[in-house]
*Asks:* 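Can you keep this structure in mind? I'll have questions shortly.
Keep in mind that the numbers below use all heavy atoms, side chains included, and drop hydrogens, waters and symmetry copies.
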Amino acid sequence: MPGLGQGSGPGNSDFVLRVFQLVWNSIWKGLFVMAIKKRSELAKEYEFKTWRDFTPMNISVGTMLHNMTGSWRFIKPIYEDKMPACQNACPAGNDIEGWIKLLQKGEYERAYWHLKQEQPFPAILGRICFKFCETACNRAPLDDCVGINDLERFVGDQVALSTPHPDLPEYNGRDIAVIGSGPAGMSAAYYSRLLGFKVTIFEELPEMGGILRVGIPNYRLPREVVASEFEGLKNMGIEFRPNTAVGKDIALDELRNEYDYIFLATGMHASMKIGVKGEDESHLILSGLAMLKKIALGEKVELGKRVVVIGGGNSGIDCARVSRRLGAEVTIIDILDEKEIPAHPEEIEGAREEGVKFRFLSCPERIELNDDGTIRKLVCCEMEPGSPDKSGHRNPVKKDAGLFDMEADSILIGIGQIPLLDYLNGIVETENGLVLVNEGLKVNVRGDGRAKIFAGGDIIDMPHNAVYAVASGKRAAIAMDCDRKDKDVSEVLKKIVIGDGPAISFAKYMRWDPVNPVPYNKDLVVDSEKIVYDYFNRALRVQKEIQDPDVRIASFKAFTSTFTREDAQQEAARCMHCGRCTECDNCLIFCPDMSVLYKGNDQFGYTFDYDYCKGCGICFTECPRNAISMVDEETPINIL
């Protein structure tokens with residue numbers, strides 16, 4: 001049980017605590033069969049027709065205030081907000097419960113700025129994030145997870161994205177060059193400016209946004225959303241240098257001598273090869289990323305009527321759905337089984353709805369071309385699961401006599417991307433094609449230079465998606481600020497890591513107040529076993545509006561809509577606010593000693609009267625969302 005065993009009590013308190021913990025856990029596990037029966041369904045029912053059916057009771061007309069029952073106590077309850085499972089699962093440490101609470105109150109602008117404390121681009125990630133938070137949502141065992149991503153998009157659309165931060169600090173006298181304007185570069189620039197740095201972003205492309213601008217189709221992430229986010233960064237005083245390729249237009253060494261810090265965030269803009277004959281011999285065989293980039297920049301692309309996409313990852317799915325919008329018949333082939341391909345299930349379902357066909361457990365063998373460079377056929381081989389390896393996984397192997405032909409006018413290769421690091425010119429240490437960094441994302445460099453160099457996003461060893469990139473930009477900004485202040489970054493990160501990690505809190509680094517003005521234990525995560533589901537009613541998730549497939553493939557316009565305020569309020573009401581007090585009064589109502597008191601004077605929450613609290617734990621048991629902990633009697637109380 002959270003909090004038990006901390007500190008040391010008098011006498012046999014450790015032994016008694018352990019016995020209490022074992023008994024409590026056995027009782028709790030016996031009662032918590034949520035998926036089958038709620039605790040309330042196990043209770044016996046008694047029917048009273050009149051007051052005469054009540055059991056006779058003795059009633060005292062005197063007072064027992066002289067009996068300080070708190071002296072019986074060996075453990076005590078404390079109020080402390082904890083880490084919701086959704087926030088713990090978010091790589092950026094997004095305080096989801098906090099801004100949802102503000103949304104419910106109708107404080108949309110405050111919700112927007114609170115959300116941006118940990119994840120500064122809700123209008124972007126609210127459209128493209130793969131929703132790790134929803135996978136962890138404690139609401140899922142009751143009915144369905146909360147639509148966090150849809151709510152994030154709603155909040156992100158409530159304030160003009162060009163609005164600069166309302167509380168910008170003065171410049172601190174140091175400057176940063178951010179190389180790359182994708183999600184990692186954007187994040188590093190945003191947080192660095194909030195820390196007082198003067199920031200310049202260098203971008204090779206003519207427009208800012210990196211992979212967000214040229215690698216994600218407009219129907220998923222409209223161009224105007226990305227452009228507006230950069231207007232907001234510009235209005236914060238951040239300078240942009242588009243059409244400036246580091247290594248070509250300006251040398252990295254030159255930046256090293258001009259700036260105090262450099263953040264490398266150039267992403268992955270080169271496609272991996274499939275390594276088959278004919279791959280490099282026709283203009284009709286191209287990387288999926290190159291095709292997406294041409295479409296994004298307004299260039300004309302001729303694919304023909306039959307397109308084969310090699311690779312079932314998210315990039316491959318994007319290529320296939322874009323090709324459908326260009327009028328082609330599309331088939332995706334992948335070496336893996338459908339259950340193992342890396343694409344998000346929602347994207348696979350959307351592609352199928354739009355007419356994309358899939359052929360799994362299939363591997364390209366060779367590409368045969370006509371004399372004019374057109375594709376005669378793509379020769380593939382059927383695969384099957386092989387013998388299990390040590391982990392039990394069965395890697396696919398080729399079937400005997402499993403060759404088959406596919407017709408194609410164009411072939412798009414989307415099996416993955418790799419970074420292009422030639423611009424580093426050997427200055428920065430790399431390994432296996434990625435930049436080596438320490439826990440503060442600082443790199444090892446060769447040679448002399450004024451700037452200290454950090455790196456993040458897809459060019460370092462971490463999961464490669466937008467929210468992880470945003471998280472890396474935040475971490476690097478904090479690390480650079482620690483370097484400026486001559487602080488030990490390792491010690492600082494230990495203090496601001498939240499939940500199970502590795503997410504860190506910018507709000508904690510800045511010492512900003514939480515939404516609830518109560519003690520906050522950032523290390524205790526509230527999972528579904530700590531929720532009392534009896535106090536929550538089932539409620540269907542609000543569904544966003546999605547256009548029919550035949551309508552959406554007719555253009556590149558967004559085919560889903562942002563929640564209305566009514567829909568957002570209805571969906572926000574499904575949040576259980578795990579680990580956070582909502583002043584539901586359960587503790588006050590159930591306390592047999594009337595030891596739970598309102599704080600009063602317009603203060604949030606409650607306080608315990610420890611003169612009479614016996615430490616029975618009923619308040620802890622009946623708290624629907626685990627915002628109360630039972631701790632050793634000697635544990636100090638943090639009162640805000």
Side-chain angles (χ1 to χ4, degrees), residues 2-3 76-90 92-119 133 137-139 146 148 151-152 155 495-499 503-527 530-532 535-536 569 572-589 591 596-608 619-620 622-631 635-640:
K76 64 187 176 187
I78 62 170
Y79 290 105
E80 59 175 4
D81 278 2
K82 305 182 182 72
M83 174 67 59
C86 55
Q87 183 178 5
N88 183 61
C90 176
N94 190 347
D95 183 17
I96 297 160
E97 186 279 336
W99 57 259
I100 286 182
K101 182 173 289 183
L102 295 172
L103 188 161
Q104 286 182 278
K105 294 179 179 180
E107 299 180 33
Y108 300 117
E109 186 170 349
R110 189 179 168 203
Y112 175 81
W113 291 113
H114 185 79
L115 197 164
K116 285 169 73 74
Q117 288 183 1
E118 306 296 353
Q119 195 288 88
C133 52
C137 177
N138 290 334
R139 178 98 200 182
V146 176
I148 299 169
L151 291 174
E152 182 174 24
V155 172
K495 294 177 181 178
I496 63 175
V497 70
I498 55 178
I504 57 175
S505 172
F506 191 77
K508 290 196 72 65
Y509 182 71
M510 300 295 286
R511 298 182 180 179
W512 289 335
D513 292 331
V515 175
N516 278 1
V518 298
Y520 175 41
N521 190 329
K522 66 181 181 64
D523 300 318
L524 292 182
V525 179
V526 177
D527 55 27
K530 300 180 178 71
I531 300 298
V532 185
Y535 294 111
F536 301 98
Q569 287 292 342
R574 298 181 65 245
C575 177
M576 300 191 298
H577 300 281
C578 304
R580 307 286 177 84
C581 180
T582 63
E583 295 185 308
C584 70
D585 287 349
N586 260 31
C587 54
L588 185 146
I589 293 169
C591 179
V596 175
L597 310 174
Y598 283 118
K599 281 189 176 179
N601 298 323
D602 295 324
Q603 296 184 75
F604 179 87
Y606 315 89
T607 187
F608 290 107
C619 57
F620 164 79
E622 299 303 328
C623 178
R625 44 192 57 83
N626 197 237
I628 298 175
S629 299
M630 298 298 294
V631 299
T635 301
I637 302 172
N638 180 14
I639 300 177
L640 294 184

*Asks:* Looking at NZ of K522 and CD1 of I496, how far apart are the two atoms once the value is rounded to the nearest 0.5 Å?
*Replies:* 9.0 Å
*Asks:* Atom CG in N88, atom CD1 in I498: separation rounded to 0.5 Å?
*Replies:* 8.0 Å
*Asks:* If you define the side chain from C-beta out and look only at heavy atoms, does anything of F604 sit under 4.5 Å from P517?
*Replies:* yes
*Asks:* Answer yes or no: are there more than 12 heavy-atom neighbours, outside E583 itself, under 6.0 Å from its atom CD?
*Replies:* yes
*Asks:* Apply side chain to side chain contact (heavy atoms under 4.5 Å, CB included) to E97 and C578, showing your working.
*Replies:* CA-CA 8 Å; E97 186 279 336; C578 304; over 6 Å; no
*Asks:* Could you tell me if the side chain of Y606 sits less than 4.5 Å from the side chain of L588, heavy atoms only?
*Replies:* yes
*Asks:* If you apply the rule side chain to side chain contact (heavy atoms under 4.5 Å, CB included), what do you find for Y598 with T607, and how did you get there?
*Replies:* CA-CA 6 Å; Y598 283 118; T607 187; over 6 Å; no
*Asks:* Just so I know, are the side chains of I628 and C587 near enough to count as touching, which here means a heavy-atom distance under 4.5 Å?
*Replies:* yes
*Asks:* How long is the span from the SG atom in C623 to the CZ atom in R625, to the nearest 0.5 Å?
*Replies:* 6.5 Å
*Asks:* Test side chain to side chain contact (heavy atoms under 4.5 Å, CB included) on E80 and V518 and set out the steps.
*Replies:* CA-CA 7 Å; E80 59 175 4; V518 298; over 6 Å; no
*Asks:* Determine whether D95 and R580 satisfy the following criterion, salt bridge (Lys or Arg N to Asp or Glu O under 4.0 Å), listing intermediate values before the conclusion.
*Replies:* CA-CA 11 Å; D95 183 17; R580 307 286 177 84; 3.2 Å; yes
*Asks:* Less than 3.5 Å apart, any donor N or O on the side chain of K82 or S629 sitting next to an acceptor on the other?
*Replies:* yes
*Asks:* Taking the side chain as every heavy atom from C-beta outward, state whether Q87 and N94 have any pair of such atoms under 4.5 Å apart.
*Replies:* no
*Asks:* Kindly say whether M576 contributes a backbone atom to a donor-acceptor pair with the side chain of R139 at under 3.5 angstrom?
*Replies:* no
*Asks:* Fit a plane to each ring of Y79 and F608, take the angle between them on a 0 to 90° scale, and name the class: parallel (under 30°), tilted (30 to 60°) or perpendicular (over 60°).
*Replies:* parallel
*Asks:* Mind checking whether K495 and K508 have side chains closer than 4.5 Å, heavy atoms only?
*Replies:* no
*Asks:* Can you tell me how far CD of Q119 sits from CG of L115, rounded to the nearest 0.5 angstrom?
*Replies:* 6.0 Å
*Asks:* For the pair D81 and N521, evaluate side chain to side chain contact (heavy atoms under 4.5 Å, CB included) and give the outcome as yes or no after the intermediate values.
*Replies:* CA-CA 6 Å; D81 278 2; N521 190 329; over 6 Å; no
*Asks:* Are Y112 and W99 an aromatic pair, judged by ring center distance below 6.0 Å?
*Replies:* no
*Asks:* Locate the shortest heavy-atom distance separating G499 from M83; write the atom from each residue and the value.
*Replies:* N-CE, 3.7 Å
*Asks:* Testing the basics here: between A507 and Q117, what is the closest heavy-atom pair and its distance to 0.1 Å?
*Replies:* CB-OE1, 3.4 Å
*Asks:* For the side-chain contact (heavy atoms from CB on, under 4.5 Å) test, which of L103, L102, I100 pairs with H114?
*Replies:* L102
*Asks:* Restricting to non-hydrogen atoms, name the atom on C90 and the atom on A503 that form the minimum distance, rounded to 0.1 Å.
*Replies:* O-CB, 3.6 Å
*Asks:* Tell me, with the steps shown, if N138 and K530 meet side-chain hydrogen bond (donor to acceptor under 3.5 Å, both in side chains).
*Replies:* CA-CA 9 Å; N138 290 334; K530 300 180 178 71; over 6 Å; no
*Asks:* What heavy-atom pair brings D523 and V497 nearest, and what distance separates the two atoms?
*Replies:* OD1-O, 4.3 Å
*Asks:* Hey, does C619 have a side-chain heavy atom less than 4.5 Å from the side chain of P77?
*Replies:* yes
*Asks:* Quick one: are K76 and V631 in side-chain contact, heavy atoms under 4.5 Å?
*Replies:* yes
*Asks:* Quick check: do Y535 and N586 have side-chain heavy atoms less than 4.5 Å from each other?
*Replies:* yes
